[in-house]
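All figures in this text were calculated on a predicted structure; none of them were measured in a lab.
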Amino acid sequence: MAKTKGHRGKKAATLTRPELDLALKKDMICSLERKYCLIYCLWVNSLIFLLMQNPGINLTSKERWFSLLTVEEGVKTEIYGFMPKKLHPLMAYNTFSIHLESVSEVKVNTSVIFKPLNPEYFIRGFACNEAAECCELVLGNGGKYTKFTPILYPDPKNCLLNSMDFLKTPVLIKILKVCLFGHASLSELHAPGPQTKAQIWEL
């Protein structure tokens, strides 16, 4: 028998050895899920679960991107490869899913991350396609969508497809800071706490 840690003065629960082992594995999965989400894919479609088996998609082949189905199969293969084999049996349970905590952090802090853009642009229901400033960030020359959107460059109005400045933008740095160190890290007066998410997730 073993006791779990109490929370805010509540009496700790007593677990059997098998229950404790299962709880520890679930904690490990949660930590790995967050790490996967940050390193590989900030947004994972929840409809791909349950994960009953590894599709075994070749992650380096172009066939992986042929359709939405092969893209999802590729995500499943990535997740299986990321998780230790001893945890694979637990991935078939309906409690398994990829935590989207990083996405939530970014969504909550969009007005700060994308400052000085108008905060109204990030309100649900706002007609972004009618705002010229928004269109300049996501549409290429000629008002058409391109493979790499202008917002991925330091100067969206003067971006080139093969520019060496690709991804060298403060917006992406702010997104990483929020994901790894929390929203307080965006403040000039922020003092790092004893343990950041980067340390907890061993990044």
Side-chain angles (χ1 to χ4, degrees), residues 25-107 110 113-114 122 124 128-129 134-156 158-169 171-180 197-198 201-203:
K25 287 180 180 179
K26 287 183 176 180
D27 285 345
M28 187 184 300
I29 281 181
C30 285
S31 179
L32 290 170
E33 286 171 355
R34 294 185 178 97
K35 186 184 292 189
Y36 171 85
C37 195
L38 185 61
I39 297 175
Y40 286 88
C41 186
L42 279 178
W43 184 263
V44 178
N45 185 357
S46 60
L47 296 178
I48 73 170
F49 305 107
L50 300 171
L51 299 181
M52 304 306 296
Q53 62 181 4
N54 184 353
I57 292 289
N58 184 347
L59 298 177
T60 61
S61 69
K62 60 183 180 181
E63 286 79 9
R64 177 190 175 183
W65 309 103
F66 271 177
S67 67
L68 290 177
L69 176 60
T70 57
V71 170
E72 290 183 354
E73 297 288 273
V75 171
K76 293 178 183 179
T77 300
E78 263 186 355
I79 295 173
Y80 268 99
F82 191 77
M83 294 288 177
K85 288 186 178 181
K86 66 179 181 180
L87 299 178
H88 286 186
L90 294 178
M91 293 165 61
Y93 287 85
N94 57 10
T95 54
F96 179 85
S97 63
I98 294 296
H99 289 253
L100 302 177
E101 183 177 333
S102 298
V103 174
S104 299
E105 290 269 20
V106 173
K107 290 173 67 176
T110 47
I113 292 172
F114 291 93
F122 306 101
R124 183 185 293 274
C128 296
N129 60 321
C134 288
C135 293
E136 289 176 354
L137 297 175
V138 296
L139 300 177
N141 294 330
K144 296 181 179 180
Y145 288 102
T146 58
K147 186 174 183 179
F148 302 112
T149 61
I151 199 173
L152 297 176
Y153 296 85
D155 184 0
N158 296 298
C159 61
L160 299 174
L161 186 59
N162 296 318
S163 172
M164 295 298 293
D165 291 331
F166 180 59
L167 297 181
K168 296 178 181 178
T169 163
V171 169
L172 295 182
I173 299 299
K174 290 178 182 178
I175 290 175
L176 284 174
K177 287 183 68 175
V178 167
C179 292
L180 292 172
K197 293 180 181 178
W201 300 343
E202 299 179 354
L203 292 174

Worksheet item: To the nearest 0.5 Å, how far apart are CD in E73 and CG in N54?
Response: 9.5 Å
Worksheet, complete the sentence: Distance col, row Q53:CD vs T77:OG1, nearest 0.5 angstrom, shows 10.0 Å
Worksheet item: Does I151 reach the side chain of F114, with side-chain heavy atoms less than 4.5 Å apart?
Response: yes
Worksheet item: Would you say E63 has more than 12 foreign heavy atoms packed within less than 6.0 Å of its CD?
Response: yes
Worksheet item: With F82, which residues qualify under side chain to side chain contact (heavy atoms under 4.5 Å, CB included), at least two apart?
Response: L32, K35, Y36, Y40
Worksheet item: Sub-3.5 Å donor-acceptor pair from the side chain of Y80 to the main-chain atoms of H88, do we have one?
Response: no
Item to complete: Heavy atoms only: give me the nearest P150-V138 pair and the separation to one decimal.
Response: CD-C, 3.8 Å
Worksheet item: So, do L137 and T149 sit near enough that their side-chain heavy atoms are less than 4.5 Å apart?
Response: no
Fill in: Closest non-hydrogen atom pair, L51 against K76
CD2-CG, 3.6 Å
Discussion item. Measuring from atom CG of L172 to atom CD1 of I113, what distance do you get when rounded to the nearest 0.5 angstrom?
Written reply: 10.0 Å
Practice prompt. Grab the two heavy atoms, one from C134 and one from C128, that are nearest each other, plus how far apart they are.
Written response: CB-O, 3.4 Å
Fill in: From Y153 atom OH to T169 atom OG1, the distance as rounded to the nearest 0.5 Å
11.5 Å
Worksheet item: Which heavy atom in V75 sits nearest to a heavy atom in R64, and how many Å separate them?
Response: N-NH2, 4.1 Å
